[in-house]
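Being a predicted model, the structure only gives us computed values, none of them experimental. All heavy atoms count here, side chains included; hydrogens, waters and symmetry mates do not.
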Amino acid sequence: NPDHIRLIKELLRSEMLLLPVPKHLVHRPYVQAFLHFLRKEGVLCIGLYRNRTRLVGGGHPSANFFTSTAPPGVQTVLREDDCLFGIVPVYRPLREDDGGQEDNTGLIVGL
């Protein structure tokens, strides 16, 4: 399917970010952070970077951290020391003052 190939190419061109959980989302479900970043920042959150014990082990600075991809949205409650993995889109929403070129998806390309 050509659309799958395009999606994969765009994901490979995108940047990955490690975002701290905003203070107003601590102790809230993961789904709220997912929706917040998608709607406000255009960032697609795909998982968590979490401290397993909240106490860093003596051996290695990141010994107690783990990644959880696609955590259950409602059941996963965010902690103050969590970080979110986010994908930054290549395209951004069309705005009249940008002067970019619109493609057939209604998004600006080439900026």
Exercise for review: Specify the closest pair of heavy atoms between S14 and I87, including all atoms of both residues, with the distance to one decimal.
Suggested key: CB-CG2, 3.6 Å
**Study point:** pair R50-T76: side-chain heavy atoms closer than 4.5 Å
**Key:** yes
Review point. Roughly how far apart are K23 NZ and L25 CG, rounded to 0.5 Å?
Key: 12.5 Å
Practice item. Of all the heavy-atom pairs spanning C45 and A33, show the shortest one and how long it is. Key: SG-O, 4.5 Å
Point to revise | Distance (rounded to the nearest 0.5 Å) between K9 NZ and L12 CG | key: 10.0 Å
Exercise for review: Over all heavy atoms of both residues, which pair between V21 and C83 is shortest? Give the atoms and the distance, please.
Suggested key: CG2-N, 4.5 Å
Review point. Got I46 and M16 here, is their nearest side-chain heavy-atom distance under 4.5 Å?
Key: yes
Point to revise | Side chain Y49, main chain P20, donor-acceptor under 3.5 Å | key: no
Point to revise | Rounded distance [0.5 Å steps], CZ in F37 versus CG in L19 | key: 5.0 Å
Check your understanding: How about L18 and F85: do any of their side-chain heavy atoms sit closer than 4.5 Å?
Key -> yes
Review point. Side-chain contact, heavy-atom cut-off 4.5 Å: L84 with F34?
Key: no
